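Single-structure report; data block below.
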Amino acid sequence: MVLGLPGFVELCHVISAGMVTCPGLPGPEATPHLTREASREVHAPGTEFVIHAVRMVGNTGTCLDSRFHRYPDGGDLAGLPLEALADLPALVVRTAGSGRRAVTVDDLGGLVVAGCAVLLHTGVDAAFGTPDHAVDAPSLAGDAARELPDRGAALVGIDAVNTDEVTERGERPAHTVLLRAGIPIVEHLTGLGRVPGTGARSTAAPPRFAGFGTFPVRAYARLPD
Ligand SMILES: N[C@@H](CC(=O)c1ccccc1NC=O)C(=O)O
């Protein structure tokens, strides 16, 4: 436990230059915009800074999809209210260790998802950053996703590369139904094994980037007292 932060669980992977998050998408490139050396020229003796520029896709590291990722008519990152992102009751649905890839209607069973961040713990986050992470990755079955808007889910997260099964035809039923309903999706979570099934609070908040659909988040859970 980190001193001063009792009861928090980190749900994010570390982002570093060059790392690949989704196979086929480029990793982030970070370059110094202002070096420490150059900054000395414009500051008082002993005062220096560094400013980096970054070129990266929004789907980098642990990231959140807003409605705009899937649909052109509104719902970008800048429009997401904090109520949709922060301090939500966390409901962890576990398939980790089951050997099953799909999170199904049966896994959601009689769970009360209304108002919750529904966080899918598949265990594949252990392979993040390796090619195995995206091979036959776990995902949320389409019929299970279709239930979640009517059942009142507030947010859906998964510790895998994609909430949807990646198929050759490119259908993405979970993104389609969840984002149509304005339910944000978080992908590439980690640490869910340390979060209880119920009782924790979930936060995953991106910057308010207008005209952007997806961006990295600092996602974390606060454990029950
Ligand atoms: N998870 C992201 C994108 C994604 O999974 C992806 C994007 C480009 C190339 C590969 C991807 N995923 C898995 O192989 C999304 O669907 O929003």
Side-chain angles (χ1 to χ4, degrees), residues 1-16 21 58-67 69 75 77-98 103 107-129 133 138 140 144-145 148-149 151-163 174 178-179 181-209 212 214-225:
M1 193 175 289
V2 179
L3 209 61
L5 292 178
F8 284 100
V9 175
E10 180 67 72
L11 301 183
C12 282
H13 293 288
V14 172
I15 295 173
S16 57
T21 300
N59 300 55
T60 294
T62 304
C63 54
L64 180 140
D65 297 336
S66 63
R67 188 179 191 280
H69 178 51
L77 294 170
L80 281 170
L82 283 170
E83 288 77 7
L85 307 167
D87 201 33
L88 302 172
L91 176 69
V92 180
V93 179
R94 292 188 210 287
T95 58
S98 70
V103 181
D107 291 311
L108 300 178
L111 297 172
V112 178
V113 305
C116 290
V118 181
L119 306 178
L120 311 179
H121 176 212
T122 74
V124 76
D125 56 314
F128 183 78
H133 185 234
L140 177 62
L148 289 173
R151 289 173 64 177
L155 177 145
V156 173
I158 191 166
D159 56 6
V161 65
N162 202 315
T163 312
L178 296 173
L179 296 180
I183 300 172
I185 296 172
V186 186
E187 291 168 329
H188 299 285
L189 288 164
T190 190
L192 290 175
R194 295 176 55 210
V195 183
T198 58
R201 313 288 296 189
S202 161
T203 294
R208 301 186 72 195
F209 204 151
F212 236 72
T214 302
F215 210 77
V217 284
R218 188 72 183 253
Y220 59 89
R222 187 180 180 110
L223 298 176
D225 292 332

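Throughout, numbering of the chain's residues begins at 1 and tracks the sequence. Quantities reported herein were computed from a predicted structural model and do not represent experimental measurements.
Closest approach of L179 to P184, counting heavy atoms only: CD2-CA, 4.4 Å. When all heavy atoms of A174 and I185 are compared, the closest pair comes out as O-CD1, 4.3 Å. Looking at every heavy atom in both residues, L77 comes nearest to P207 through CB-O, 3.8 Å. Nearest heavy-atom pair, V195 versus A200, reported as atom, atom and distance to 0.1 Å: CG1-CB, 3.7 Å. Contact between A154 and L88 at its shortest, heavy atoms only, is CB-CD1, 4.3 Å. Smallest separation of non-hydrogen atoms from A219 and L189: CB-CD2, 3.9 Å.
Remark: side-chain polar atoms of S66 are paired, donor with acceptor, to backbone N or O of G75 under 3.5 angstrom. Put simply, the side chain of T62 gets close to the backbone of H13: a donor and an acceptor are under 3.5 Å apart. With hydrogens and angles disregarded, a donor-acceptor distance shorter than 3.5 Å links the side chain of T21 to the backbone of G61.
For the pair P216/I15, a side-chain contact is recorded, criterion being any heavy-atom separation below 4.5 Å from C-beta on. L223 is listed as a side-chain neighbour of P196, based on a closest heavy-atom distance under 4.5 Å. Within the 4.5 Å cutoff, the side chain of N59 has heavy atoms near those of the H69 side chain. Side-chain contact check for R222 versus T203: every heavy-atom pair is 4.5 Å or farther apart. Within the 4.5 Å cutoff, no side-chain heavy atoms of T198 are placed close to those of C116. Residues V161 and V124 form no side-chain contact, since every pair of their non-hydrogen atoms from C-beta on lies 4.5 Å or further apart. You'll find the side chain of V186 stays beyond 4.5 Å of the side chain of L11, heavy atoms only.
Atom CG of L178 sits about 10.0 Å away from atom CG of D65, to the nearest 0.5 Å.
In this structure A181 satisfies the side chain to side chain contact (heavy atoms under 4.5 Å, CB included) test together with P149, I183, sequence neighbours excluded. Not counting sequence neighbours, the partners of T122 by the side-chain hydrogen bond (donor to acceptor under 3.5 Å, both in side chains) test are D159. Take D125 and apply the side-chain hydrogen bond (donor to acceptor under 3.5 Å, both in side chains) test, not counting sequence neighbours, and it matches T190. Applying the ring pair (Phe, Tyr, Trp, His ring centres under 6.0 Å) test to H188 and every residue at least two apart in sequence or in another chain returns F128, H133. Remark: R151 engages E147 in a side-chain hydrogen bond (donor to acceptor under 3.5 Å, both in side chains) (not counting sequence neighbours).
Listed by first and then second residue, the salt bridge (charged side-chain N to carboxylate O under 4.0 Å, His left out) pairs that reach into residues 84-97 are D87-R201, sequence neighbours excluded.
Ring geometry for F212 versus F209: interplanar angle under 30°, hence parallel rather than tilted (30 to 60°).
V93 pairs with exactly one of V113, L119, L120 by the side chain to side chain contact (heavy atoms under 4.5 Å, CB included) rule, that one being L120.
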